[in-house]
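Since the model is a prediction, treat every value here as computed from it, not as a measurement.
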Amino acid sequence: MEVIGPQATRFTYISQSNPGGKIPAWLVNKLFTVVAPKVIQKMVKACRVYEVWKKKNNPEYMPWLWPDQICTNLIDWNDVSSSANVETTSSCSEEPEDIQVGDITDDIITDT
């Protein structure tokens with residue numbers, strides 16, 4: 001994403017796919033000329049209502065600003081090579097509340 005003006009952003013979408021010859025290249029290219037614009041349209045719709053949605057859904061949880069909010073399970077790397085049954089421990093003292101993504105309205109996600 002690149003800001004190109006006060007109310008304008010250039011968004012570059014690059015996709016690379018290799019179906020291994022199972023789908024003809026012309027069909028893959030045609031699909032991406034249809035799919036990519038729809039992905040962008042849906043993302044624009046979601047971005048326009050994000051601020052309102054975020055205020056209702058755990059507004060204080062912003063791990064992109066405060067990485068200490070990230071609560072992931074830590075892996076003991078000594079267990080990885082010896083067993084597929086790995087025990088994990090949490091990297092923070094308290095788990096964050098579940099983020100409710102279901103509150104995003106269907107008209108944002110579906111074509112209109």
*Asks:* Could you tell me which non-hydrogen atom of Val3 sits nearest to which non-hydrogen atom of Gly5, and how far apart they are?
*Replies:*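 Reported closest heavy-atom pair: CG1-O, 3.4 Å.
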*Asks:* List for me each residue that meets ring-ring contact (aromatic ring centres under 6.0 Å, His included) alongside Phe32, sequence neighbours excluded, and say none if there are none.
*Replies:* none
*Asks:* Suppose we screen for side-chain hydrogen bond (donor to acceptor under 3.5 Å, both in side chains). Which residues come up paired with Glu51, at least two apart in sequence or across chains?
*Replies:* none
*Asks:* Assigning hydrophobic clusters by single linkage (Ile, Leu, Val, Met, Phe, Trp, Tyr; side-chain heavy-atom cutoff under 4.5 Å), is Val35 placed with Ile40?
*Replies:*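 Result: yes, single cluster for both.
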*Asks:* Can you tell me how far apart CG (Leu31) and CH2 (Trp26) are? Round to the nearest 0.5 Å.
*Replies:* 8.5 Å
*Asks:* Same hydrophobic cluster for Tyr61 and Val52, using side-chain heavy-atom links shorter than 4.5 Å among ILVMFWY?
*Replies:*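 Not linked; separate clusters.
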*Asks:* I need the Asn29 CG to Ile23 CD1 distance, nearest 0.5 Å.
*Replies:*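 Between atom CG of Asn29 and atom CD1 of Ile23 there are 11.5 Å.
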*Asks:* If you take all heavy atoms of Lys54 and Met62, which pair is closest and at what distance?
*Replies:* CE-CG, 4.4 Å
*Asks:* Please evaluate residues Phe11 and Met43 with respect to the criterion side-chain contact (heavy atoms from CB on, under 4.5 Å), reporting the C-alpha separation (whole Å), side-chain torsions for both, the decisive distance (0.1 Å), and the verdict.
*Replies:* CA-CA 11 Å; Phe11 182 85; Met43 188 166 42; 3.2 Å; yes
*Asks:* Give the minimum heavy-atom separation between Thr9 and Ile4, together with the two atoms involved.
*Replies:* N-CG1, 4.1 Å
*Asks:* Using 0.5 Å steps for rounding, measure from the CZ atom of Arg10 to the CE atom of Met1.
*Replies:*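 Rounded to the nearest 0.5 Å, the CZ-CE separation comes out at 12.5 Å.
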*Asks:* Rounded to the nearest 0.5 Å, how far apart are OG1 of Thr33 and NZ of Lys38?
*Replies:*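 Between atom OG1 of Thr33 and atom NZ of Lys38 there are 10.5 Å.
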*Asks:* Rounded to the nearest 0.5 Å, what separation is found between the CG atom of Asn58 and the CD atom of Gln69?
*Replies:* 8.0 Å
*Asks:* If hydrophobic clusters are built from ILVMFWY residues whose side chains come within less than 4.5 Å, do Trp64 and Trp53 share one?
*Replies:* yes
